[in-house]
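All values below come from the heavy atoms of this structure, side chains included, with hydrogens, waters and symmetry mates left out. Numbering starts at 1 and runs along the sequence shown.
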Amino acid sequence: MKAEQDGDLLEDSPQEDGVQTNQFSSISPPVSPVAQDEPFSTYFEDKVAIPENVSQVFSFRKLWAFTGPGFLMSIAYLDPGNIESDLQSGAKAGFKLLWVLLGATVIGLLLQRLAARLGVVTGMHLAEVCNRQYPTVPRIILWLMVELAIIGSDMQEVIGCAIAFNLLSVGRIPLWAGVLITITDTFVFLFLDKYGLRKLEAFFGFLITVMALSFGYEYVLVSPDQGELLKGMFLPYCAGCGPPQLEQAVGIVGAVIMPHNIYLHSALVKSRDIDRKNKKEVKEANKYYFIESTVALFVSFLINVFVVAVFAQAFYGKTNIEMNKECNATGSPHSGLFPLNNGTLEVDIYKGGVVLGCVFGPAALYIWAIGILAAGQSSTMTGTYSGQFVMEGFLNLRWSRFARVLLTRSVAIIPTLLVAIFQDVQHLTGMNDFLNVLQSMQLPFALIPILTFTSLTSIMNDFANGMVWKISGGIVILLVCAINMYFVVVYVTALNSVLLYVFAALLSIAYLCFVVYLAWHCLVALGVSCLDFGSRVSNRPAVLIEEQSEYDS
(Lines give C-alpha, C1' and ligand atoms only; values in the text may rest on other atoms or scores of the structure.)
Protein backbone atom coordinates (compact mmCIF):
# COMPACT_ATOMS: atom_id res chain seq x y z
CA MET A 1 0.00 0.00 0.00
CA LYS A 2 2.85 2.37 0.69
CA ALA A 3 4.49 4.16 -2.19
CA GLU A 4 7.91 2.98 -1.12
CA GLN A 5 6.72 -0.60 -1.41
CA ASP A 6 5.83 -0.10 -5.05
CA GLY A 7 9.48 -0.19 -6.06
CA ASP A 8 13.03 0.38 -4.95
CA LEU A 9 13.85 3.64 -3.23
CA LEU A 10 15.40 6.27 -5.42
CA GLU A 11 18.79 7.75 -4.74
CA ASP A 12 19.16 10.56 -2.24
CA SER A 13 17.98 13.99 -3.28
CA PRO A 14 20.62 16.22 -4.83
CA GLN A 15 22.31 18.93 -2.83
CA GLU A 16 23.32 22.44 -3.77
CA ASP A 17 26.02 24.11 -1.69
CA GLY A 18 25.48 21.53 1.02
CA VAL A 19 21.75 22.22 1.31
CA GLN A 20 19.28 19.46 0.52
CA THR A 21 16.97 20.15 -2.40
CA ASN A 22 13.43 18.90 -2.62
CA GLN A 23 11.14 18.78 -5.63
CA PHE A 24 8.14 20.97 -5.00
CA SER A 25 5.53 21.94 -7.49
CA SER A 26 6.11 25.16 -9.36
CA ILE A 27 4.55 27.57 -6.94
CA SER A 28 5.92 30.47 -4.99
CA PRO A 29 9.33 29.62 -3.51
CA PRO A 30 9.95 29.35 0.23
CA VAL A 31 9.90 32.68 1.93
CA SER A 32 13.29 34.03 2.86
CA PRO A 33 14.18 33.94 6.53
CA VAL A 34 13.20 37.06 8.39
CA ALA A 35 15.61 38.73 10.74
CA GLN A 36 14.45 38.37 14.32
CA ASP A 37 15.33 40.22 17.48
CA GLU A 38 14.82 37.08 19.58
CA PRO A 39 15.10 33.39 18.75
CA PHE A 40 12.00 31.92 17.22
CA SER A 41 10.63 29.28 19.57
CA THR A 42 7.74 26.90 19.29
CA TYR A 43 6.88 23.33 20.22
CA PHE A 44 10.12 22.21 18.52
CA GLU A 45 12.58 24.25 20.57
CA ASP A 46 14.29 20.98 21.43
CA LYS A 47 14.23 17.78 19.41
CA VAL A 48 14.03 14.21 20.63
CA ALA A 49 17.03 12.17 19.53
CA ILE A 50 16.42 8.81 17.90
CA PRO A 51 18.59 5.86 19.07
CA GLU A 52 21.20 4.81 16.53
CA ASN A 53 22.76 1.45 15.67
CA VAL A 54 19.60 -0.51 16.41
CA SER A 55 19.67 -3.33 13.90
CA GLN A 56 16.38 -5.09 14.72
CA VAL A 57 13.43 -4.90 12.35
CA PHE A 58 11.44 -3.54 15.29
CA SER A 59 12.89 -1.75 18.30
CA PHE A 60 10.93 -0.74 21.41
CA ARG A 61 13.66 1.83 22.15
CA LYS A 62 12.99 3.53 18.82
CA LEU A 63 9.22 3.26 19.25
CA TRP A 64 9.55 4.96 22.64
CA ALA A 65 11.61 7.74 21.07
CA PHE A 66 8.87 8.34 18.48
CA THR A 67 6.07 8.09 21.07
CA GLY A 68 4.40 11.41 21.88
CA PRO A 69 3.02 13.17 18.79
CA GLY A 70 0.41 10.46 18.16
CA PHE A 71 -0.94 10.69 21.70
CA LEU A 72 -1.14 14.48 21.48
CA MET A 73 -2.99 14.04 18.19
CA SER A 74 -5.35 11.48 19.75
CA ILE A 75 -6.53 14.09 22.27
CA ALA A 76 -8.81 15.48 19.54
CA TYR A 77 -10.61 12.11 19.52
CA LEU A 78 -11.34 12.57 23.24
CA ASP A 79 -12.44 16.20 23.46
CA PRO A 80 -15.75 17.16 25.15
CA GLY A 81 -17.50 17.28 21.76
CA ASN A 82 -16.60 13.62 21.17
CA ILE A 83 -17.61 12.64 24.70
CA GLU A 84 -20.99 14.33 24.21
CA SER A 85 -21.46 12.55 20.89
CA ASP A 86 -20.61 9.24 22.59
CA LEU A 87 -23.08 9.59 25.41
CA GLN A 88 -25.86 10.75 23.08
CA SER A 89 -25.14 7.76 20.84
CA GLY A 90 -25.51 5.39 23.78
CA ALA A 91 -28.65 7.08 25.12
CA LYS A 92 -30.40 7.24 21.72
CA ALA A 93 -29.24 4.04 20.00
CA GLY A 94 -27.83 1.80 22.70
CA PHE A 95 -24.89 -0.29 21.47
CA LYS A 96 -26.09 -0.24 17.85
CA LEU A 97 -23.75 2.50 16.59
CA LEU A 98 -20.47 1.28 18.04
CA TRP A 99 -19.47 -0.02 14.60
CA VAL A 100 -19.78 3.55 13.28
CA LEU A 101 -17.39 4.73 16.00
CA LEU A 102 -14.95 1.94 15.09
CA GLY A 103 -15.14 2.76 11.37
CA ALA A 104 -14.69 6.49 11.98
CA THR A 105 -11.62 5.81 14.14
CA VAL A 106 -10.05 3.59 11.46
CA ILE A 107 -10.71 6.25 8.80
CA GLY A 108 -9.20 8.82 11.15
CA LEU A 109 -6.07 6.68 11.50
CA LEU A 110 -5.61 6.50 7.72
CA LEU A 111 -5.96 10.27 7.40
CA GLN A 112 -3.54 10.89 10.29
CA ARG A 113 -1.06 8.61 8.52
CA LEU A 114 -1.10 10.95 5.52
CA ALA A 115 -0.60 13.98 7.79
CA ALA A 116 2.34 12.38 9.61
CA ARG A 117 4.03 11.32 6.35
CA LEU A 118 3.80 14.86 4.95
CA GLY A 119 5.57 16.29 7.99
CA VAL A 120 8.21 13.56 8.14
CA VAL A 121 9.11 13.59 4.44
CA THR A 122 9.05 17.35 3.74
CA GLY A 123 10.04 18.79 7.11
CA MET A 124 7.08 21.17 6.78
CA HIS A 125 3.59 20.89 8.19
CA LEU A 126 0.40 21.12 6.15
CA ALA A 127 -0.18 24.85 6.70
CA GLU A 128 3.36 25.64 5.48
CA VAL A 129 2.89 23.50 2.37
CA CYS A 130 -0.47 25.17 1.66
CA ASN A 131 1.26 28.54 1.98
CA ARG A 132 3.67 27.56 -0.79
CA GLN A 133 1.28 25.65 -3.02
CA TYR A 134 -1.83 27.82 -3.32
CA PRO A 135 -2.16 31.35 -4.75
CA THR A 136 -2.74 34.21 -2.30
CA VAL A 137 -6.55 34.49 -2.35
CA PRO A 138 -7.31 30.75 -2.02
CA ARG A 139 -4.63 30.53 0.64
CA ILE A 140 -6.24 33.27 2.74
CA ILE A 141 -9.70 31.71 2.34
CA LEU A 142 -8.30 28.33 3.36
CA TRP A 143 -6.67 29.85 6.43
CA LEU A 144 -9.93 31.52 7.48
CA MET A 145 -11.85 28.27 7.10
CA VAL A 146 -9.34 26.36 9.21
CA GLU A 147 -9.41 29.10 11.85
CA LEU A 148 -13.22 28.75 12.02
CA ALA A 149 -12.81 25.03 12.64
CA ILE A 150 -10.29 25.68 15.41
CA ILE A 151 -12.54 28.29 17.03
CA GLY A 152 -15.52 25.92 16.94
CA SER A 153 -13.52 23.08 18.45
CA ASP A 154 -11.93 25.31 21.07
CA MET A 155 -15.30 26.64 22.18
CA GLN A 156 -16.49 23.08 22.84
CA GLU A 157 -13.32 22.27 24.72
CA VAL A 158 -13.27 25.35 26.93
CA ILE A 159 -16.98 25.07 27.70
CA GLY A 160 -16.41 21.40 28.54
CA CYS A 161 -13.84 22.48 31.14
CA ALA A 162 -16.22 25.12 32.48
CA ILE A 163 -19.02 22.54 32.81
CA ALA A 164 -16.63 20.23 34.68
CA PHE A 165 -15.75 23.01 37.13
CA ASN A 166 -19.48 23.71 37.58
CA LEU A 167 -20.22 20.06 38.38
CA LEU A 168 -17.24 19.68 40.72
CA SER A 169 -18.23 22.82 42.64
CA VAL A 170 -21.92 21.81 42.84
CA GLY A 171 -22.87 24.86 40.78
CA ARG A 172 -20.84 27.38 42.80
CA ILE A 173 -18.50 28.14 39.87
CA PRO A 174 -20.58 29.66 37.04
CA LEU A 175 -19.82 28.94 33.41
CA TRP A 176 -18.05 32.25 32.74
CA ALA A 177 -15.78 31.76 35.77
CA GLY A 178 -14.90 28.26 34.58
CA VAL A 179 -13.92 29.74 31.19
CA LEU A 180 -11.60 32.25 32.88
CA ILE A 181 -10.01 29.51 34.99
CA THR A 182 -9.46 27.43 31.85
CA ILE A 183 -7.83 30.37 30.08
CA THR A 184 -5.43 30.89 32.98
CA ASP A 185 -4.38 27.29 33.53
CA THR A 186 -4.02 26.69 29.79
CA PHE A 187 -1.48 29.52 29.59
CA VAL A 188 0.43 27.93 32.46
CA PHE A 189 0.38 24.39 31.08
CA LEU A 190 1.35 25.50 27.57
CA PHE A 191 4.71 26.66 28.84
CA LEU A 192 5.56 23.22 30.21
CA ASP A 193 7.54 22.53 27.04
CA LYS A 194 10.03 25.13 28.27
CA TYR A 195 11.09 22.39 30.70
CA GLY A 196 11.50 19.85 27.93
CA LEU A 197 9.36 18.40 25.19
CA ARG A 198 9.19 14.98 26.83
CA LYS A 199 7.83 16.50 30.05
CA LEU A 200 5.03 18.16 28.08
CA GLU A 201 4.21 14.88 26.34
CA ALA A 202 4.26 13.10 29.71
CA PHE A 203 1.72 15.61 31.02
CA PHE A 204 -0.60 14.84 28.13
CA GLY A 205 -0.09 11.14 28.85
CA PHE A 206 -1.14 11.80 32.44
CA LEU A 207 -4.35 13.53 31.29
CA ILE A 208 -5.19 10.60 28.97
CA THR A 209 -4.62 8.25 31.91
CA VAL A 210 -7.01 10.32 34.05
CA MET A 211 -9.67 10.03 31.32
CA ALA A 212 -9.13 6.28 31.02
CA LEU A 213 -9.44 5.79 34.78
CA SER A 214 -12.46 8.10 35.15
CA PHE A 215 -14.54 6.73 32.30
CA GLY A 216 -13.24 3.22 32.98
CA TYR A 217 -14.58 3.51 36.54
CA GLU A 218 -18.01 4.40 35.17
CA TYR A 219 -17.77 1.43 32.79
CA VAL A 220 -16.99 -1.02 35.60
CA LEU A 221 -19.69 0.54 37.80
CA VAL A 222 -22.41 0.12 35.17
CA SER A 223 -21.17 -3.30 33.91
CA PRO A 224 -22.51 -3.18 30.33
CA ASP A 225 -23.66 -6.33 28.54
CA GLN A 226 -20.45 -7.51 26.81
CA GLY A 227 -22.30 -9.59 24.24
CA GLU A 228 -24.39 -6.64 23.10
CA LEU A 229 -21.30 -4.46 23.09
CA LEU A 230 -19.36 -6.80 20.79
CA LYS A 231 -22.41 -7.26 18.57
CA GLY A 232 -22.83 -3.50 18.20
CA MET A 233 -19.12 -3.05 17.47
CA PHE A 234 -18.67 -5.65 14.74
CA LEU A 235 -22.11 -6.00 13.11
CA PRO A 236 -22.66 -3.00 10.79
CA TYR A 237 -26.40 -2.92 11.23
CA CYS A 238 -28.84 -0.82 13.23
CA ALA A 239 -32.11 -2.70 13.79
CA GLY A 240 -35.13 -0.48 14.33
CA CYS A 241 -33.18 2.72 13.81
CA GLY A 242 -34.86 5.83 12.47
CA PRO A 243 -33.87 9.43 11.60
CA PRO A 244 -32.63 10.28 15.16
CA GLN A 245 -30.21 7.33 15.12
CA LEU A 246 -29.08 8.12 11.56
CA GLU A 247 -28.35 11.71 12.54
CA GLN A 248 -26.46 10.45 15.57
CA ALA A 249 -24.35 8.14 13.35
CA VAL A 250 -23.47 11.10 11.14
CA GLY A 251 -22.69 13.13 14.25
CA ILE A 252 -20.21 10.46 15.41
CA VAL A 253 -18.24 10.72 12.16
CA GLY A 254 -18.28 14.52 12.34
CA ALA A 255 -17.10 14.53 15.95
CA VAL A 256 -14.27 12.01 15.46
CA ILE A 257 -12.65 13.34 12.26
CA MET A 258 -11.63 16.94 12.94
CA PRO A 259 -10.00 19.21 10.35
CA HIS A 260 -7.54 21.02 12.59
CA ASN A 261 -6.13 17.70 13.81
CA ILE A 262 -4.72 16.96 10.35
CA TYR A 263 -2.77 20.24 10.48
CA LEU A 264 -1.69 19.53 14.07
CA HIS A 265 -0.34 16.03 13.48
CA SER A 266 1.66 17.07 10.42
CA ALA A 267 3.42 19.61 12.65
CA LEU A 268 3.93 17.48 15.75
CA VAL A 269 6.00 14.87 13.90
CA LYS A 270 8.67 17.50 13.20
CA SER A 271 9.75 17.24 16.85
CA ARG A 272 12.00 14.22 16.25
CA ASP A 273 15.58 14.51 15.05
CA ILE A 274 15.40 12.85 11.63
CA ASP A 275 17.93 13.21 8.81
CA ARG A 276 15.64 13.76 5.83
CA LYS A 277 18.53 13.25 3.42
CA ASN A 278 18.68 9.64 4.62
CA LYS A 279 15.71 7.86 3.10
CA LYS A 280 16.15 4.86 5.33
CA GLU A 281 15.61 7.10 8.37
CA VAL A 282 12.56 8.70 6.76
CA LYS A 283 11.05 5.32 5.97
CA GLU A 284 11.75 4.15 9.52
CA ALA A 285 10.17 7.28 10.99
CA ASN A 286 7.03 6.73 8.91
CA LYS A 287 6.80 3.16 10.21
CA TYR A 288 7.17 4.02 13.88
CA TYR A 289 4.85 7.03 13.70
CA PHE A 290 2.17 4.81 12.15
CA ILE A 291 2.56 2.22 14.93
CA GLU A 292 2.44 4.93 17.58
CA SER A 293 -0.65 6.53 16.05
CA THR A 294 -2.36 3.13 15.91
CA VAL A 295 -1.71 2.53 19.62
CA ALA A 296 -2.80 6.05 20.56
CA LEU A 297 -6.06 5.87 18.60
CA PHE A 298 -6.76 2.39 20.00
CA VAL A 299 -6.55 3.88 23.51
CA SER A 300 -8.82 6.77 22.52
CA PHE A 301 -11.27 4.30 20.93
CA LEU A 302 -11.47 2.29 24.16
CA ILE A 303 -12.20 5.43 26.18
CA ASN A 304 -14.94 6.42 23.71
CA VAL A 305 -16.38 2.90 23.96
CA PHE A 306 -16.47 3.23 27.77
CA VAL A 307 -18.69 6.31 27.47
CA VAL A 308 -21.01 4.85 24.80
CA ALA A 309 -21.42 1.61 26.74
CA VAL A 310 -22.21 3.33 30.05
CA PHE A 311 -25.05 5.37 28.59
CA ALA A 312 -26.25 2.53 26.36
CA GLN A 313 -26.58 0.17 29.32
CA ALA A 314 -27.96 2.58 31.90
CA PHE A 315 -30.00 5.15 29.97
CA TYR A 316 -31.04 3.74 26.58
CA GLY A 317 -34.83 3.93 26.29
CA LYS A 318 -35.23 5.94 29.50
CA THR A 319 -37.79 8.77 29.58
CA ASN A 320 -37.62 12.19 31.20
CA ILE A 321 -40.23 11.31 33.81
CA GLU A 322 -38.35 8.17 34.84
CA MET A 323 -35.18 10.15 35.35
CA ASN A 324 -37.09 12.86 37.22
CA LYS A 325 -38.36 10.25 39.66
CA GLU A 326 -34.91 8.72 40.15
CA CYS A 327 -33.35 12.11 40.86
CA ASN A 328 -36.14 12.99 43.30
CA ALA A 329 -35.71 9.64 45.06
CA THR A 330 -32.01 10.32 45.68
CA GLY A 331 -32.60 13.93 46.74
CA SER A 332 -30.72 15.39 43.78
CA PRO A 333 -31.14 19.15 43.36
CA HIS A 334 -31.10 18.68 39.56
CA SER A 335 -34.41 16.84 39.11
CA GLY A 336 -35.89 19.97 37.47
CA LEU A 337 -33.64 19.34 34.45
CA PHE A 338 -35.98 16.56 33.36
CA PRO A 339 -39.56 17.57 32.48
CA LEU A 340 -42.49 15.43 33.60
CA ASN A 341 -43.24 13.85 30.23
CA ASN A 342 -42.63 10.58 28.43
CA GLY A 343 -40.18 12.07 25.95
CA THR A 344 -36.92 10.19 25.37
CA LEU A 345 -34.17 11.25 27.73
CA GLU A 346 -31.97 13.96 26.18
CA VAL A 347 -28.46 14.20 27.64
CA ASP A 348 -25.32 16.26 27.13
CA ILE A 349 -22.07 16.31 29.10
CA TYR A 350 -23.73 18.35 31.88
CA LYS A 351 -26.91 16.26 32.13
CA GLY A 352 -24.80 13.14 31.65
CA GLY A 353 -22.99 13.83 34.91
CA VAL A 354 -26.28 14.62 36.63
CA VAL A 355 -27.99 11.38 35.58
CA LEU A 356 -24.93 9.35 36.64
CA GLY A 357 -25.11 11.04 40.03
CA CYS A 358 -28.84 10.38 40.33
CA VAL A 359 -28.57 6.66 39.49
CA PHE A 360 -25.14 5.65 40.81
CA GLY A 361 -24.43 8.21 43.53
CA PRO A 362 -22.42 11.43 43.92
CA ALA A 363 -19.07 9.66 43.41
CA ALA A 364 -20.08 8.77 39.84
CA LEU A 365 -20.90 12.43 39.14
CA TYR A 366 -17.59 13.76 40.48
CA ILE A 367 -15.49 11.12 38.71
CA TRP A 368 -17.35 11.90 35.48
CA ALA A 369 -16.57 15.61 35.96
CA ILE A 370 -12.87 14.85 36.52
CA GLY A 371 -12.80 12.92 33.24
CA ILE A 372 -14.50 15.79 31.40
CA LEU A 373 -12.04 18.26 32.94
CA ALA A 374 -9.07 16.18 31.75
CA ALA A 375 -10.63 15.89 28.27
CA GLY A 376 -11.33 19.62 28.04
CA GLN A 377 -7.99 20.73 29.46
CA SER A 378 -5.88 18.51 27.21
CA SER A 379 -7.86 19.27 24.06
CA THR A 380 -7.85 23.03 24.60
CA MET A 381 -4.05 22.90 24.87
CA THR A 382 -3.67 20.94 21.62
CA GLY A 383 -6.23 23.29 20.04
CA THR A 384 -3.98 26.21 20.93
CA TYR A 385 -1.00 24.47 19.35
CA SER A 386 -3.11 23.89 16.23
CA GLY A 387 -3.90 27.61 16.12
CA GLN A 388 -0.21 28.50 16.40
CA PHE A 389 0.88 26.12 13.65
CA VAL A 390 -1.91 27.17 11.29
CA MET A 391 -1.30 30.88 11.82
CA GLU A 392 2.47 30.56 11.51
CA GLY A 393 2.22 28.38 8.42
CA PHE A 394 -0.40 30.27 6.44
CA LEU A 395 0.75 33.78 7.37
CA ASN A 396 4.47 33.05 7.85
CA LEU A 397 4.35 34.72 11.26
CA ARG A 398 7.54 34.97 13.24
CA TRP A 399 6.32 36.53 16.47
CA SER A 400 7.48 36.03 20.02
CA ARG A 401 6.14 32.96 21.75
CA PHE A 402 3.92 34.91 24.18
CA ALA A 403 2.41 37.04 21.40
CA ARG A 404 1.50 33.98 19.34
CA VAL A 405 -0.09 32.17 22.29
CA LEU A 406 -1.98 35.32 23.30
CA LEU A 407 -3.36 35.89 19.81
CA THR A 408 -4.40 32.28 19.16
CA ARG A 409 -5.99 32.03 22.60
CA SER A 410 -7.89 35.30 22.17
CA VAL A 411 -9.31 34.33 18.78
CA ALA A 412 -11.11 31.37 20.33
CA ILE A 413 -11.63 32.52 23.92
CA ILE A 414 -13.46 35.82 23.28
CA PRO A 415 -16.51 34.22 21.56
CA THR A 416 -16.43 31.40 24.13
CA LEU A 417 -16.54 33.87 27.01
CA LEU A 418 -19.46 35.74 25.43
CA VAL A 419 -21.40 32.48 25.11
CA ALA A 420 -20.57 31.56 28.71
CA ILE A 421 -21.82 34.90 30.01
CA PHE A 422 -25.11 34.91 28.11
CA GLN A 423 -25.88 31.16 28.09
CA ASP A 424 -27.03 29.00 30.97
CA VAL A 425 -25.00 25.84 31.65
CA GLN A 426 -28.15 23.76 31.19
CA HIS A 427 -28.87 24.97 27.64
CA LEU A 428 -25.69 24.44 25.65
CA THR A 429 -26.66 21.39 23.57
CA GLY A 430 -28.07 23.51 20.74
CA MET A 431 -24.84 25.46 20.50
CA ASN A 432 -22.84 22.21 20.52
CA ASP A 433 -24.87 20.98 17.53
CA PHE A 434 -24.12 24.24 15.69
CA LEU A 435 -20.39 23.90 16.43
CA ASN A 436 -20.39 20.31 15.15
CA VAL A 437 -21.99 21.54 11.91
CA LEU A 438 -19.40 24.31 11.65
CA GLN A 439 -16.53 21.83 11.97
CA SER A 440 -18.17 19.40 9.56
CA MET A 441 -18.23 22.10 6.91
CA GLN A 442 -14.50 22.71 7.34
CA LEU A 443 -13.46 19.08 6.81
CA PRO A 444 -12.80 19.39 3.04
CA PHE A 445 -10.29 22.16 3.77
CA ALA A 446 -8.02 19.69 5.55
CA LEU A 447 -8.78 16.40 3.81
CA ILE A 448 -8.48 17.60 0.21
CA PRO A 449 -5.13 19.40 0.69
CA ILE A 450 -3.55 16.48 2.60
CA LEU A 451 -4.49 14.01 -0.15
CA THR A 452 -3.33 16.48 -2.81
CA PHE A 453 0.14 17.10 -1.42
CA THR A 454 0.90 13.54 -0.29
CA SER A 455 0.08 12.39 -3.85
CA LEU A 456 2.55 14.76 -5.52
CA THR A 457 5.89 13.18 -6.37
CA SER A 458 7.18 16.74 -6.83
CA ILE A 459 6.74 17.14 -3.05
CA MET A 460 6.99 13.63 -1.61
CA ASN A 461 9.42 12.12 -4.14
CA ASP A 462 9.29 8.32 -3.86
CA PHE A 463 7.18 8.58 -0.67
CA ALA A 464 4.18 9.87 -2.62
CA ASN A 465 0.92 7.94 -2.38
CA GLY A 466 0.71 4.87 -4.59
CA MET A 467 -2.34 4.14 -6.71
CA VAL A 468 -4.05 2.18 -3.92
CA TRP A 469 -3.72 5.09 -1.50
CA LYS A 470 -4.82 7.62 -4.11
CA ILE A 471 -8.01 5.70 -4.89
CA SER A 472 -8.83 4.67 -1.32
CA GLY A 473 -7.98 8.14 -0.01
CA GLY A 474 -10.24 9.77 -2.58
CA ILE A 475 -13.12 7.41 -1.74
CA VAL A 476 -12.69 7.98 2.01
CA ILE A 477 -12.65 11.74 1.60
CA LEU A 478 -15.73 11.67 -0.65
CA LEU A 479 -17.54 9.47 1.90
CA VAL A 480 -16.61 11.60 4.90
CA CYS A 481 -17.50 14.85 3.15
CA ALA A 482 -20.84 13.42 1.91
CA ILE A 483 -21.74 12.22 5.41
CA ASN A 484 -20.93 15.58 6.92
CA MET A 485 -22.80 17.48 4.21
CA TYR A 486 -25.85 15.38 5.08
CA PHE A 487 -25.36 16.43 8.71
CA VAL A 488 -25.26 20.09 7.66
CA VAL A 489 -28.40 19.75 5.50
CA VAL A 490 -30.32 18.08 8.34
CA TYR A 491 -29.30 20.86 10.72
CA VAL A 492 -30.20 23.68 8.31
CA THR A 493 -33.59 22.22 7.34
CA ALA A 494 -34.51 22.03 11.02
CA LEU A 495 -34.14 25.82 11.38
CA ASN A 496 -37.59 26.45 9.79
CA SER A 497 -36.79 29.95 8.59
CA VAL A 498 -37.03 31.11 4.96
CA LEU A 499 -34.50 33.89 5.57
CA LEU A 500 -32.02 31.40 6.96
CA TYR A 501 -32.65 29.08 4.01
CA VAL A 502 -31.80 31.87 1.55
CA PHE A 503 -28.71 32.85 3.52
CA ALA A 504 -27.61 29.19 3.71
CA ALA A 505 -28.16 28.78 -0.05
CA LEU A 506 -25.92 31.76 -0.87
CA LEU A 507 -23.21 30.54 1.48
CA SER A 508 -23.48 27.05 0.00
CA ILE A 509 -22.83 28.31 -3.52
CA ALA A 510 -19.65 30.12 -2.45
CA TYR A 511 -18.61 27.18 -0.30
CA LEU A 512 -19.08 24.62 -3.07
CA CYS A 513 -17.18 26.77 -5.58
CA PHE A 514 -14.15 26.80 -3.28
CA VAL A 515 -14.40 23.06 -2.59
CA VAL A 516 -14.54 22.43 -6.36
CA TYR A 517 -11.41 24.59 -6.79
CA LEU A 518 -9.52 22.50 -4.20
CA ALA A 519 -10.87 19.28 -5.70
CA TRP A 520 -9.64 20.33 -9.15
CA HIS A 521 -6.09 20.70 -7.83
CA CYS A 522 -6.47 17.38 -6.01
CA LEU A 523 -7.58 15.54 -9.16
CA VAL A 524 -4.60 16.95 -11.07
CA ALA A 525 -2.32 15.71 -8.27
CA LEU A 526 -3.99 12.28 -8.44
CA GLY A 527 -3.05 12.04 -12.10
CA VAL A 528 -6.15 13.22 -13.99
CA SER A 529 -4.02 14.95 -16.61
CA CYS A 530 -6.94 16.08 -18.76
CA LEU A 531 -7.80 18.62 -16.04
CA ASP A 532 -4.29 20.05 -15.89
CA PHE A 533 -5.00 23.33 -17.66
CA GLY A 534 -3.33 26.11 -15.73
CA SER A 535 -3.32 24.23 -12.43
CA ARG A 536 -0.66 25.51 -10.08
CA VAL A 537 -0.47 22.13 -8.38
CA SER A 538 1.44 19.87 -10.74
CA ASN A 539 3.69 16.86 -10.62
CA ARG A 540 6.07 18.51 -13.05
CA PRO A 541 9.32 18.85 -11.07
CA ALA A 542 10.70 22.23 -10.20
CA VAL A 543 13.66 22.03 -7.86
CA LEU A 544 13.56 24.54 -5.04
CA ILE A 545 16.08 24.84 -2.28
CA GLU A 546 14.50 24.30 1.12
CA GLU A 547 15.94 26.19 4.02
CA GLN A 548 15.58 23.09 6.20
CA SER A 549 17.18 24.55 9.27
CA GLU A 550 14.76 27.50 9.20
CA TYR A 551 11.65 25.30 9.16
CA ASP A 552 12.98 22.81 11.68
CA SER A 553 14.25 25.43 14.12
Side-chain angles (χ1 to χ4, degrees), residues 77-98 101-102 160-161 163-171 206-233 248 252 298-335 337-338 344-378:
Y77 292 73
L78 295 168
D79 71 355
N82 273 287
I83 300 301
E84 182 157 300
S85 175
D86 293 337
L87 64 89
Q88 288 175 345
S89 169
K92 290 181 180 179
F95 299 99
K96 299 174 185 177
L97 295 179
L98 278 172
L101 177 62
L102 175 61
C161 285
I163 288 174
F165 283 124
N166 185 272
L167 288 171
L168 288 169
S169 66
V170 198
F206 167 74
L207 292 176
I208 292 174
T209 303
V210 170
M211 283 184 265
L213 293 175
S214 299
F215 300 131
Y217 168 84
E218 310 285 359
Y219 182 84
V220 172
L221 184 67
V222 175
S223 299
D225 185 322
Q226 300 303 302
E228 287 296 312
L229 187 148
L230 292 173
K231 180 181 174 183
M233 190 179 298
Q248 192 59 49
I252 290 172
F298 178 71
V299 172
S300 72
F301 173 70
L302 287 182
I303 295 173
N304 282 312
V305 168
F306 289 161
V307 178
V308 175
V310 165
F311 284 83
Q313 182 70 34
F315 305 111
Y316 175 52
K318 287 285 185 77
T319 63
N320 287 318
I321 194 168
E322 287 176 325
M323 192 51 58
N324 187 289
K325 289 178 180 177
E326 291 211 39
C327 287
N328 275 324
T330 56
S332 170
H334 303 291
S335 58
L337 285 175
F338 311 102
T344 304
L345 179 67
E346 295 280 348
V347 286
D348 50 33
I349 55 175
Y350 178 75
K351 290 182 182 178
V354 170
V355 297
L356 286 170
C358 289
V359 177
F360 300 104
L365 185 152
Y366 292 126
I367 292 173
W368 169 262
I370 290 170
I372 295 297
L373 180 61
Q377 188 62 70
S378 56

Could you walk me through whether W368 and F311 pass the ring-ring contact (aromatic ring centres under 6.0 Å, His included) check? CA-CA 12 Å; W368 169 262; F311 284 83; 5.5 Å; yes

Walk me through whether T344 and T319 qualify under side chain to side chain contact (heavy atoms under 4.5 Å, CB included). CA-CA 5 Å; T344 304; T319 63; 6.0 Å; no

Minimum side-chain heavy-atom gap [X]-[Y] below 4.5 Å:
{"X": "M323", "Y": "V359", "answer": "yes"}
{"X": "K92", "Y": "Y316", "answer": "no"}
{"X": "I163", "Y": "L167", "answer": "yes"}
{"X": "S85", "Y": "Q248", "answer": "yes"}
{"X": "I372", "Y": "Y350", "answer": "no"}
{"X": "L229", "Y": "D225", "answer": "no"}

With rounding to the nearest 0.5 Å, note down the distance linking [atom1] in [X] to [atom2] in [Y].
{"X": "Q313", "Y": "Q226", "atom1": "CD", "atom2": "CD", "result": "9.0 Å"}
{"X": "I349", "Y": "E84", "atom1": "CD1", "atom2": "CD", "result": "5.5 Å"}
{"X": "Q88", "Y": "L345", "atom1": "CD", "atom2": "CG", "result": "10.5 Å"}
{"X": "L87", "Y": "D348", "atom1": "CG", "atom2": "CG", "result": "7.5 Å"}

Stepwise side-chain hydrogen bond (donor to acceptor under 3.5 Å, both in side chains) check, N320 with N324: CA-CA 6 Å; N320 287 318; N324 187 289; over 6 Å; no

Return each pair, listed once, that meets salt bridge (charged side-chain N to carboxylate O under 4.0 Å, His left out) where at least one residue sits in residues 321-333; pairs must be two or more places apart or across chains.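 The answer is K318-E326.
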
Residues that [X] engages under side-chain contact (heavy atoms from CB on, under 4.5 Å), provided they are two or more places apart:
{"X": "F360", "result": "L221, V222, A314, F315, L356, A364"}
{"X": "L207", "result": "F203, A374, S378"}
{"X": "Y366", "result": "L168, V170, P362"}
{"X": "L101", "result": "D86, L98, T105, I252, V256, F301, N304, V305, V308"}

Give me the atom names and distance for the closest heavy-atom approach of [X] to [Y].
{"X": "A212", "Y": "F306", "answer": "O-CE1, 4.1 Å"}
{"X": "G376", "Y": "P80", "answer": "CA-CG, 3.7 Å"}
{"X": "K351", "Y": "F338", "answer": "CD-CE2, 4.5 Å"}

Verdict with supporting geometry, I83 and F215, side chain to side chain contact (heavy atoms under 4.5 Å, CB included): CA-CA 10 Å; I83 300 301; F215 300 131; 4.0 Å; yes

Got a sec, which pairs hit side-chain hydrogen bond (donor to acceptor under 3.5 Å, both in side chains) with one end in residues 207-217, sequence neighbours left out?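 Those involving residues 207-217 do not exist here.
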
Check whether any side-chain N or O of Q377 sits under 3.5 Å from a backbone N or O of C161 as a donor-acceptor pair, and report yes or no.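 No, the answer is negative, given that no donor and acceptor are paired below the 3.5 Å cut-off.
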
